[in-house]
Amino acid sequence: MAGMKMEMANINTNQVNTRKKLANTNTNMANIRTEIANVNTKMENINTEMVGINTKMANTDTKLENMNTKMANLHANVEAKFEAMNNEVRRIKMSLNEVKDGFDHLKEAVLGKIESKERKQEEITRDVSGTASGGRENQHIFVAGGFGRNSVEIFNYRQRLWSLLKPMPESRNSACSFLYNNHVTVAGGYCDAAVDNMIRMNIHPVHDLSNNWSDFAAKLPAKMSAHSSVVYKDSLLVTGGINEDQDVYFDCIHEVQLKPPYTVKLLSKMPEPRVHHSMILCDDSILIVGGKKSWDCEDTLSNVLSYDIKKNECRQLRALPYPVSQMATVKWAENVVIIGGADKDGKALNNVTIYNIKTGNSHMLPPMLHKRTGCVAVVIENTIVVLGGSDERRRILKSVESFNFERFSWQELPEMKETRYWATAVVI
């Protein structure tokens, strides 16, 4: 019996231990389930992160594709710009060659004139229709009027000496002057108002400082100033101008006979009115350069017209590189030289541009020493002489400077006796 009791006690003890083990096992199982649940949660989080990573990878791929596209476009743009740059370099080289050709042509023309002078011992004279000064040496510059001026001066180019002549009857600016039959004639301009009359002075002999002014029977088509004119055979061709009394801006090309009965004839119309422009005679054509359509600086023009006198036709040529008015112009070989003037803001310029009449190509020459608007210019031998005008500070000048094609530079000449703005000048 005692043995059986002991065995039962052992069995009970074992059962208690087994229950404890089962309890521990249950607890362990619960912990395992918790850990499994945590692992599942972590796996879900990892899956979520993987989805996010996949999305980011997809975005990265898209960005890479966009970047590749941009790189391709950039490469294409760079290649296009390099091609454009190469084209521009080729264009510049061509332009430089044209400049060189133009300067070579000018050099040949200068040398030809010098050689001709040395051979024949003659002075170079301007073409004034063969009736102005005959075979006399053209070594004097005749300057008349200007804003608030009726005085007249003459410059002996060889002696570098200025002398006063008899003054005009009244102050006169924005007029034109020309040589005809041994007279200097001043046509139109603004006195107390615009006028249509012409006055003249006998310049034979040129050294006679006592010569007086007289009226000329010919008259302009209207009372006008800021017009331009050239002598063609026995006629004066007149373009543009303004009648300030009537506030009319002219777009006409007129012919005024310089012999009786002094007939005035309308030849043609320009595409727009012009004031403060320039005219150059080129054989049987005239070149009409720059100017303004009105008194407003914003209406400054860069276009160039050619009027064929025999065909009575007006056509547009290649434009100037910039708009300009109130400039001086001279003819040099097959070129027109545009000197100074005012831009679209009314600012004085010291630009000097040479414009080829046949090709329309333009090249810049060395700039003047002074900015000048409303200046005048003439040619003596191989030298351009520029006189007066108004500078960038609106100061009226009496300074004179010259450009020599051999030296290819500007230098000062003796000043005029008086300041002159919107004056007129000829070589005699």
Side-chain angles (χ1 to χ4, degrees), residues 124-136 138 142 144 174-189 196-200 203 216-222 224-241 250-271 274-291 304-317 328-338 355 357-358 376-379 424-428:
I124 298 172
T125 57
R126 297 178 72 192
D127 178 11
V128 288
S129 76
T131 61
S133 56
R136 192 171 60 249
N138 290 52
F142 184 101
S174 303
C176 290
S177 60
F178 57 92
L179 292 176
Y180 184 75
N181 283 345
N182 290 323
H183 286 76
V184 174
T185 301
V186 178
D196 61 356
N197 71 326
M198 301 188 195
I199 57 174
R200 64 181 182 171
I203 47 88
F216 186 35
K219 288 186 180 295
L220 294 175
M224 60 174 62
S225 63
H227 53 293
S228 190
S229 68
V230 295
V231 172
Y232 177 72
K233 297 180 179 178
D234 290 314
S235 296
L236 185 70
L237 302 181
V238 184
T239 63
F250 296 110
D251 61 354
C252 303
I253 302 175
H254 280 101
E255 178 187 35
V256 180
Q257 290 289 330
L258 297 176
K259 288 185 174 181
Y262 306 111
T263 306
V264 176
K265 180 182 178 183
L266 174 63
L267 298 178
S268 184
K269 291 281 189 99
M270 298 180 291
R274 285 178 191 252
V275 295
H276 286 303
H277 56 293
S278 291
M279 275 176 72
I280 298 290
L281 181 64
C282 310
D283 299 324
D284 293 319
S285 296
I286 55 173
L287 226 64
I288 305 166
V289 181
V304 179
L305 298 177
S306 176
Y307 173 71
D308 189 306
I309 300 168
K310 290 185 174 180
K311 295 180 180 178
N312 194 25
E313 293 177 354
C314 198
R315 62 189 178 92
Q316 293 272 3
L317 300 184
T329 56
V330 296
K331 188 172 183 289
W332 180 261
E334 295 178 348
N335 305 278
V336 176
V337 183
I338 298 98
Y355 178 95
I357 298 167
K358 291 186 176 180
V376 289
V378 296
V379 172
T424 185
V426 294
V427 173
I428 59 176

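Here the shortest heavy-atom pairing between Ala218 and Val256 reads CB-CG1, 4.2 Å. Nearest heavy-atom pair, Leu220 versus Gly188, reported as atom, atom and distance to 0.1 Å: CD1-CA, 3.4 Å. Listed here is the closest heavy atom pair of Val330 and Val379: CB-CG2, 3.6 Å. Closest of all the heavy-atom pairs between Pro271 and Leu305 is CD-CD1, 3.5 Å. Looking at every heavy atom in both residues, Asn197 comes nearest to Ile199 through ND2-CG2, 4.0 Å. Here the closest heavy-atom approach between residue Leu267 and residue Leu237 is recorded as CD1-CD2, 3.8 Å.
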Q: Check step by step if side chain to side chain contact (heavy atoms under 4.5 Å, CB included) holds for Val337 and Tyr355.
A: CA-CA 6 Å; Val337 183; Tyr355 178 95; over 6 Å; no

Q: Go through Val378 and Phe142 one step at a time and tell me if the side chain to side chain contact (heavy atoms under 4.5 Å, CB included) criterion holds.
A: CA-CA 10 Å; Val378 296; Phe142 184 101; over 6 Å; no

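With sequence neighbours left out, the side-chain hydrogen bond (donor to acceptor under 3.5 Å, both in side chains) criterion links Ser229 to no other residue. Take Asp308 and apply the salt bridge (Lys or Arg N to Asp or Glu O under 4.0 Å) test, not counting sequence neighbours, and it matches no residue. Listed by chain and residue number, nothing satisfies the salt bridge (Lys or Arg N to Asp or Glu O under 4.0 Å) test with Lys331 (two or more places apart in sequence, or in another chain). Considering only residues two or more places apart in sequence or on other chains, Ala175 meets the side-chain contact (heavy atoms from CB on, under 4.5 Å) condition with Arg172, Val186. With sequence neighbours excluded, no residue satisfies side-chain hydrogen bond (donor to acceptor under 3.5 Å, both in side chains) with Ser174.
Distance check: Asn181 CG to Ile203 CD1 gives 10.5 Å after rounding to the nearest 0.5 Å. Between Asp251 atom CG and Ser268 atom OG the span is 9.0 Å, to the nearest 0.5 Å. In this structure, Met224 CE and His254 NE2 are separated by 6.5 Å, a value rounded to the nearest 0.5 Å. Remark: Asn335 CG to Lys358 NZ distance equals 10.5 Å, nearest 0.5 Å. A distance of 5.5 Å separates CG of Leu258 from OH of Tyr180, quoted to the nearest 0.5 Å. Here the CD atom belonging to Gln257 is positioned 7.5 Å from the CG atom belonging to Asp234, to the nearest 0.5 angstrom.
For the pair His227 (side chain) and Ala187 (backbone), a donor-acceptor distance under 3.5 Å is present. Between the Ser177 side chain and the Thr424 main chain, no donor and acceptor come within less than 3.5 Å of each other.
A heavy-atom distance below 4.5 Å is found between the side chains of Lys269 and Cys252. Side-chain contact between Ile357 and Val336 is present, with at least one heavy-atom pair separated by less than 4.5 Å. Two residues are said to be in side-chain contact when any heavy atoms from C-beta on lie closer than 4.5 Å; Val264 and Lys219 fail this criterion.
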Would you give me the side-chain donor-acceptor pairs under 3.5 Å for residues 276-289, sequence neighbours excluded?
| from | atom 1 | to | atom 2 | distance (Å) |
| --- | --- | --- | --- | --- |
| His277 | NE2 | Thr239 | O | 3.3 |
| His277 | NE2 | Thr239 | OG1 | 2.8 |
| Ser278 | OG | Thr329 | OG1 | 3.2 |
| Asp284 | OD1 | Tyr232 | OH | 2.8 |
| Asp284 | OD2 | Lys310 | NZ | 3.3 |

